[in-house]
Amino acid sequence: MVTKAGISHHAHEERHLFNRAAVLRAGVLGANDGLLSTASLVVGVAATGASRQSLLTAGIAGLVAGALSMAVGEWSSVSSQRDAEVADLAKEHA
């Protein structure tokens, strides 16, 4: 598209890295949350004087539970967003 001044708007495309930054931020915060919650769980179990096997079991159980919780939460969030967008598109179409 060329304006009256002869400047093409398509010649200059801006690339915004906002989406990439949001994904990176979510990944860093998620990893930090997972590490801190698992470490806290293991320290709490260790404070009881539990055996090494119990510490390992608690740590693995905490990691699996945290990973599943994050995955289900993200799936739910994405599904809700998709449903809202589909509903908005249906309203616009009508």
Quick one: hydrophobic cluster around Leu41, which other residues, with the 4.5 Å side-chain cut-off, linked directly or via members?
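Hydrophobic cluster check, Leu41: joined to Val42, Val45, Leu55.
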Among residues at least two apart in sequence or on other chains, which ones pass side chain to side chain donor-acceptor pair (under 3.5 Å) with [X]?
X: Glu92; value: none
X: Ser77; value: none
X: Thr57; value: none

Would a distance-only check, ignoring hydrogens and angles, find a side-chain to backbone donor-acceptor pair under 3.5 Å from Ser69 to Ala65?
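Absent.
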Per the side-chain hydrogen bond (donor to acceptor under 3.5 Å, both in side chains) rule, what does the pair list look like for residues 30-55, sequence neighbours excluded?
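Listed by first then second residue: Ser51-Ser54.
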For residues Leu35 and Met70: do they belong to one hydrophobic cluster (side chain heavy atoms under 4.5 Å, members Ile, Leu, Val, Met, Phe, Trp, Tyr)?
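Unlinked, Leu35 and Met70 end up in two clusters.
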Is Leu36 linked to Val28 within one hydrophobic cluster, defined over Ile, Leu, Val, Met, Phe, Trp and Tyr using a side-chain heavy-atom separation of less than 4.5 Å?
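In one cluster with Leu36: Val28, no.
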Under the side chain to side chain contact (heavy atoms under 4.5 Å, CB included) test, which residues partner Ser80, sequence neighbours left out?
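Once residues adjacent in sequence are excluded, the partners of Ser80 under the side chain to side chain contact (heavy atoms under 4.5 Å, CB included) criterion are Ser76.
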